Student: 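What follows is a structure written as structure tokens; I'll ask about it next.
Since we're looking at a predicted model, the values are computed, not measured. In each ligand, atom 1 is the first atom listed, and ligand 1 is the first ligand listed.
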Amino acid sequence: MSADFIPYGHQDISDADVQAVVEVLRSDWLTQGPSGPRFESAVAERCGARHGIAVANATAALHLACLALGLGPGGRLWTSPNTFVASANCALYCGADVDFVDIDPGTLNMSADALGEKLVKAEKTGTLPDIVVPVHFAGQPCEMDRIAELSRRYGFAVVEDASHAVGATFRGERVGSGRWSDITVFSFHPVKIMTTAEGGLLLTNRDEVAYRLRLLRSHGISRDQSDIFDKTQGAWYYEQLDLGLNYRLTDLQAVLGLSQLQRLDAFLESRRKIVDRYEDRLSSLPLGLQRQHAAAESAWHLFVVRVLETSGRTRRQVFDALRSADIGVNVHYIPVHLQPYYRRLGFKSGDFPQAERYYSQALSLPIYSGLSGAAQDRVIKQLAAVLGM
Ligand SMILES: *Cc1c(COP(=O)(O)O)cnc(C)c1O
């Protein structure tokens with residue numbers, strides 16, 4: 001990365017973060033020690049959830065969520081096409097089918113209206129989903145109260161893909177509290193709000209779901225006397241009760257997460273300031289901004305704009321010009337159903353027109369805690385120049 005390059009996202013690691021990791025590195029426990037449960041409790045407490053289960057990454061978390069909720073062959077999962085592929089792949093790992101619900105062109109989240117309409121049709125054909133995965137795109141929570149109402153009426157489970165939304169709220173309720181869902185998933189990849197390098201975490205208020213998630217995270221093995229069949233054995237004894245995986249988070253990562261969690265409010269504040277400056281300076285440019293639902297408080301993982309037709313420029317032209325100026329703009333997201341793998345499953349262009357239309361204009365501008373005002377002004381200046389303003 002050249003010294004002048006401004007990426008679209010970047011981690012913020014302090015000396016205290018480094019020190020915390022070094023201490024674990026010198027301790028007896030590199031993994032399965034005390035930092036994992038401490039991190040889980042701290043995140044659960046912050047979000048107001050009963051259980052936190054830390055895992056290797058959010059992709060693993062989504063897979064475990066589907067397994068713990070009993071998704072299998074013949075099952076169905078619906079998600080947004082405007083997301084990273086992992087939100088959909090989790091169903092395929094379980095041998096279930098995936099379908100998508102188109103987005104609201106303003107908020108760019110799964111449309112609760114479109115979900116309602118699709119459910120009416122699915123009920124008639126006996127193809128209701130088992131799980132719906134709303135994705136809090138760019139950090140803005142979906143309309144969770146409406147989605148929860150539909151879940152009660154049609155009997156599906158809700159897994160929030162909150163990879164972008166650590167620290168966000170909806171109707172004053174913290175994302176992760178589980179008020180409107182069965183499970184919430186966070187990602188701690190370095191470009192996200194806070195990081196453990198790789199890492200993810202599941203939150204749930206359901207005791208039996210938390211039990212299954214913990215079991216499946218570690219090979220499906222238990223040493224707990226209350227679980228195992230043969231209670232006559234010695235202290236070496238364990239039993240495999242289900243087919244699980246090794247999806248654990250290490251203590252090195254968990255302690256980094258604990259340290260980063262103490263800085264979460266500062267991270268959110270710093271992103272909020274960057275957004276205010278973008279909104280102020282970009283208002284006169286021919287760009288469309290993501291509409292914010294009145295009850296949603298975004299965590300601002302991403303700052304996305306639409307390059308409007310009225311600009312006389314294509315998204316490609318704007319993207320290439322900014323990249324040539326060492327500005328690491330990006331595009332979120334290529335609609336999942338248009339990926340070659342998903343086309344082979346039968347999806348095609350035109351299936352989800354709002355997501356496709358948004359994608360054709362989408363551009364993500366740099367946003368991260370540590371982006372300086374001067375760097376941000378360079379982004380704004382270059383953007384205005386390429387738009388001829
Ligand atoms: C980053 C991301 C994931 C996957 O997270 P990992 O921790 O990298 O596995 C899943 N869903 C969304 C919406 C994401 O942005």
Student: At a 4.0 Å cut-off, with the gap strictly under it, does some heavy atom of K192 reach an atom of ligand 1?
Tutor: yes
Student: Looking only at heavy atoms of S87, does any of them come nearer than 4.0 Å to an atom of ligand 1?
Tutor: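 Under 4.0 Å: yes for S87.
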Student: Verify whether the ring centers belonging to F170 and H293 lie closer than 6.0 Å.
Tutor: yes
Student: Among K118, R76, H337, which one satisfies side-chain hydrogen bond (donor to acceptor under 3.5 Å, both in side chains) with D99?
Tutor: K118
Student: Where's the contact between T83 and ligand 1, heavy-atom distance under 4.0 Å: side chain, backbone, both or neither?
Tutor: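 Answer for T83: side chain.
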Student: Checking a contact table here: which protein heavy atom is nearest atom 3 (C) of ligand 1, and how many Å away?
Tutor: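 Here the closest protein heavy atom is S163 OG, 3.6 Å.
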Student: Please state whether F186 comes within less than 4.0 angstrom of ligand 1, counting heavy atoms only.
Tutor: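 In this structure, F186 fails to qualify as a contact of ligand 1 - no heavy atom is under 4.0 Å.
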Student: At a 4.0 Å threshold, what atoms of ligand 1 neighbour a non-hydrogen atom of Y333?
Tutor: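 Checking each atom against Y333, I get 15 (O).
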Student: I need the nearest protein heavy-atom contact for atom 15 (O) of ligand 1: residue, atom name and distance, please.
Tutor: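 Nearest protein contact, heavy atoms only, for atom 15 (O) of ligand 1 is H164 NE2, 2.7 Å.
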Student: Say whether R315 and S360, considering side chains only, have a donor N or O and an acceptor N or O under 3.5 Å apart.
Tutor: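 Their side chains do not contain a donor-acceptor pair, so the 3.5 Å distance test is not met.
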Student: Taking side-chain contact (heavy atoms from CB on, under 4.5 Å) as the criterion, tell me which of V135, L202, L69, L71 meets it with V159.
Tutor: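 Option passing the side-chain contact (heavy atoms from CB on, under 4.5 Å) with V159: L69.
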Student: Report the part of D161 (side chain from C-beta onward, or backbone N, CA, C, O) that has a heavy atom under 4.0 Å from ligand 1; answer both or neither where that applies.
Tutor: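 It is the side chain that touches ligand 1; the backbone stays farther off.
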Student: Is the closest N or O pair between F188 and ligand 1 shorter than 3.5 Å?
Tutor: no
Student: Which residue in the set H189, H136, H301 passes ring pair (Phe, Tyr, Trp, His ring centres under 6.0 Å) when paired with H164?
Tutor: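 Going through the options one by one, the only one that passes is H301.
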Student: Using a plain distance cutoff, I'd like to know if T59 has any nitrogen or oxygen under 3.5 Å from a nitrogen or oxygen of ligand 1.
Tutor: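 Between T59 and ligand 1, an N or O pair is found under 3.5 Å apart.
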Student: Distance-only criterion, 3.5 Å: show the donor-acceptor pairs between side-chain atoms of residues 28-36 and protein atoms not counting sequence neighbours.
Tutor:
none

Student: Under 4.0 Å, heavy atoms only, figure out whether ligand 1 is touched by the backbone of V135, its side chain, both or neither.
Tutor: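 Only the side chain of V135 comes within reach of ligand 1.
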Student: Heavy-atom pairs closer than 4.0 Å: do any link ligand 1 to the side chain of H301, the backbone, both, or neither?
Tutor: neither
Student: Is A61 in contact with ligand 1, taking contact as a heavy-atom separation below 4.0 Å?
Tutor: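 Heavy atoms of A61 never come under 4.0 Å of ligand 1.
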Student: Less than 4.5 Å apart, side chain to side chain, heavy atoms only: is that true for Y154 and V120?
Tutor: yes
Student: Would D351 and K348 pass as an ion pair if we require N to O under 4.0 Å?
Tutor: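 Yes, D351 and K348 are salt-bridged.
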Student: Please determine if D377 and K381 form a salt bridge, counting it only when a charged side-chain N lies under 4.0 Å from a carboxylate O.
Tutor: no
Student: Does the pair E269/K273 count as a salt bridge with the N-to-O cut at 4.0 Å?
Tutor: yes
Student: State whether the shortest distance between N or O atoms of S187 and N or O atoms of ligand 1 falls below 3.5 angstrom.
Tutor: yes
Student: Which atoms of ligand 1 sit under 4.0 Å from any heavy atom of G199?
Tutor: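 So the atoms of ligand 1 that pass are 7 (O).
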Student: Please state which option from A165, A58, C90 has its nearest heavy atom closest to atom 5 (O) of ligand 1.
Tutor: A58
